[in-house]
J.: 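I have a structure here, written as structure tokens, and I will follow up with some questions on it.
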Amino acid sequence: MTDLKNFLNNLNEKLNINQIDAIKHEDGPALVLAGAGSGKTRVLTIKIASLIKNKKCGTNELLALTFTNKASKEMIFRISKILGSKLDFPWMGTFHSISYKILRMNFELLKGNYNSNFSIYDPTDQLKIIKNIIKINDLDLNKYEPSRIRGKIDSLKNSLLYDEWEFEDDKEEQIIKTYQSKLESLNAMDFGDLILKFYELLTINKNFKERIQKLFKYVFVDEYQDTNIIQFRLINIISSINKNLFAVGDEDQSIYGWRGANIENILQFKKFYPETKIYKLEQNYRSTPQILNVSNLLISNNSERLEKNMWTENVKKENVKLWSFNDDREEAKHIAREIMKNLDLYKYEDVAVFYRTNAQSRVLEEELRKANIKYKIYGNISFYERSEVKDCISFLKFIVNPDDEIAFDRIINLPSRGIGKKTIEKIKKISIQEDQNYYKSFSYIIENNIFSKKIIKSLELLKNSINNFKKNLDEFSSVSESFEKFLIDLGYFDYLKDDDKLGNVSEFLNYIAEFELSSDSNDISDFLNSLMLSSSTDEMVDSQSFVTLMTVHLSKGLEFPCVYVVGIEEGLFPHSRSMYSTSEIEEERRLCYVAFTRAISSLNLSYCKMRRMFGSITYASMSQFLDEIIESDDLLEINAISETTSNERVFHYKFGNGFIDTNDNDNFEDVVTVVFDSGIKKKVFVSDLEEIE
DNA sequence: GAGAGATGTATTTTT
DNA sequence: TACATCTCTC
């Protein structure tokens, strides 16, 4: 204990009493309820650092699970900083990457014919397999909608219902079971399998279970409110001997229920772990009192909560603003002008705009571009989803795992060399007949001269290129160089032509080179799978000058001095598809709460009466969430003038008070002429005006 | 087998 | 409106 005191005294960080209590927690289960902006990462990292420093456990005896790569990198960085040296934490990472690592080390324990080079299939790959199965079995794609089936497969896996599930009908059951055996035969796993198979090993293999349970003296889980059923069980088993489970989360920020996150895991934590100590971090260090008050008021409408009251010592600044607009374009224009207007207070990188759906980003993008404001939109397509990058990945996947049918389909005729549908079917048949992987069946086909000269030549090119790649790899042992040669051999660069795409491919080659340098292995499987398990926000670059645009979901964990939350309308936020039950509404409210609590100094909310969606116009009213906060003293309601009338008294941020002279709305630009008290007569934008009573 | 036009579809998506 | 995917034709 004195060790810990010394350690804490020597820290540069200031901690409050509750944070210190949580860090001092010794053994046994603990739940840290950490509200938005309460310094939970600080607690988590100092806690881990103190364990290492005081030799309570080694870096390899500690399991720390996060939901994003970004979060685990951040943790490793901060722990290293506290301890003053760069340490390696082999078991700190996302649920999926840790499971992958463990499965790869123990693949021989897996049932089926998995080998260590198994592929990871992303949701797109899943869909392809499902579609194939439906087509092959001549079933109706409308009745057995692939994406619905995929959703079902995922939820069967993450809620552990696979064995007891009652299927809609035999056909659906057949599709789902075929899907699963198909993946096994392709030496592939989907995201759900990574966790499920780890879980299965723990439940089936007693030796394995005991090894894992003994290995991890301490188990940490970040964002505990987002764990699903299988993750709960996994954590439960792993920590059941040493009982040192340290979970950190905030039930008010549980926003992934629709992906299987089970909020009951955090709400009922005490029930599952009766000897739990609960620590609450209720002091908010991030936001102004106004922002916090409005957020608290909003979330107080939820019932799925634990008792927790956020407060702050921060100084008061401006009130939260609520703007109403005629339509989405006015809203976007207004934001662009506000950003320009407040540039002395908030630089581009201080500003973020959050929306409920990706489709809303377009108008915003257009208006920001017109105003010459630099911005970056997150979440649309991540780097690895670009077609040329997927091509490269598929080449490598196929080389590493020649059973991988999805990769095979993508690259067998890439670039086009005359191998079509029919030929592909035949190759597949031969592979099955000869019980060989696709790569081996190339040799078989070539030796037996099964196809036309043209096709044989084409297959030979692919086969030789792969051989050369392997040979080069042995000689130079550089994956990136060998792979570049491979792409040249195949004529892939000539086929691409497009400069942007070529650029992306060379960036991909850099990625490989970087991976080879930074990690000790030049193992292609490891590289591919780390790529499969990465996401768009992992690449997030900060400290660059642009406004951030993203969905509210992506904003979790971030903070910005100035935040705009747009489109807070009934039917959009809460979304019309999430309004069927109270718990859905509550999740939408939590989402809204997450959006609000990202703001440090300035929070600007808005809604529109009219919105263009998919070409047609929809009308909406103010969101119920705004109704819930509108009476707050910390909220300032501003009506951007919509129907302007002559002689109306108005205020303009630059020119002051004045009277509207004429209404010159041209091309929906919403412009009026105002005679200002200073005598100036000027055309101005309606959305820059405020009504004066 | 490849490209051109037709059709359908659009919530969020940590891995 | 905008995009991916499907279908049809050459």
J.: Give a yes or no answer on whether the side chain of A/S458 reaches the backbone of A/K454 with a donor-acceptor pair at less than 3.5 Å.
T.: no
J.: Once each nucleotide of nucleotides 2-10 of chain C is scored for protein heavy atoms under 4.0 Å, what B/S/- sequence comes out, 5' to 3'?
T.: S---S----
J.: Ignoring hydrogens and angles, tell me if any N or O in the side chain of A/S623 forms a donor-acceptor pair with the backbone of A/F573 under 3.5 Å.
T.: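 Yes, A/S623 side chain to A/F573 backbone: donor-acceptor pair under 3.5 Å.
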J.: Assign A/S555 to base, sugar-phosphate, or nothing according to its heavy-atom contacts below 4.0 angstrom with the strands shown.
T.: nothing
J.: Apply salt bridge (Lys or Arg N to Asp or Glu O under 4.0 Å) to A/K182 and list each qualifying residue two or more places apart in sequence or on a separate chain.
T.: A/E405
J.: Is a side-chain donor or acceptor of A/N529 paired with a backbone partner of A/M532 at a separation under 3.5 angstrom?
T.: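 The answer is no, because no donor-acceptor pair under 3.5 Å joins these two groups.
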J.: Can you check whether A/N228 has a side-chain N or O nearer than 4.0 Å to OP1 or OP2 of B/dT14?
T.: no
J.: Would you tabulate the pairs of protein nitrogen or oxygen atoms and nucleotide nitrogen or oxygen atoms of nucleotides 10-13 of chain B closer than 3.5 angstrom?
T.:
unit_1 : atom_1 : unit_2 : atom_2 : d
B/dT11 : OP1    : A/R577 : NH1    : 2.9
B/dT11 : OP1    : A/R577 : NH2    : 3.3
B/dT11 : OP2    : A/R577 : NH2    : 3.1
B/dT11 : O4'    : A/H575 : NE2    : 3.0
B/dT11 : O2     : A/R356 : NH1    : 3.1
B/dT11 : O2     : A/R356 : NH2    : 2.5
B/dT12 : OP1    : A/N358 : N      : 2.8
B/dT12 : OP1    : A/N358 : ND2    : 3.1
B/dT12 : O4'    : A/R356 : NH2    : 3.0
B/dT12 : N1     : A/R356 : NH2    : 3.4
B/dT12 : O2     : A/R356 : NH2    : 2.4
B/dT13 : OP1    : A/T551 : OG1    : 2.5
B/dT13 : OP2    : A/N358 : ND2    : 3.0
B/dT13 : O2     : A/R259 : NE     : 3.1

J.: How about CZ on A/R78, more than 12 heavy atoms from neighbouring residues, nucleotides or ligands closer than 6.0 Å, or not?
T.: yes
J.: For a quick check of understanding: with a heavy-atom distance under 4.0 Å over all strands, which category does A/D122 fall into, base, sugar-phosphate or nothing?
T.: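 Here A/D122 touches no strand at all.
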J.: Roughly, in whole Å, what's the span from CD1 in A/I617 to P in C/dT1?
T.: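 Those two atoms, CD1 and P, are 11 Å apart.
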J.: Assign each of A/K454 and A/K556 to its nearest nucleotide of DNA chain B by heavy atoms, then name whichever residue's nucleotide is nearer the 5' end.
T.: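 Nearest nucleotide further toward 5': that of A/K454.
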J.: Closer than 3.5 angstrom, by distance alone: can the side chain of A/R598 be matched with the main-chain N or O of A/E559 as a donor-acceptor pair?
T.: no
J.: OP1 or OP2 of B/dG3 less than 4.0 angstrom from a side-chain nitrogen or oxygen of A/S416, does that happen here?
T.: no
J.: Are the ring centres of A/Y114 and A/F107 closer than 6.0 Å?
T.: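 Ring-ring flag for A/Y114/A/F107: false, centres at least 6.0 Å apart.
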J.: Ring centroid separation for A/F395 and A/Y492, is it under 6.0 angstrom?
T.: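 Judged by ring-centre distance (under 6.0 Å), A/F395 and A/Y492 do meet the cut-off.
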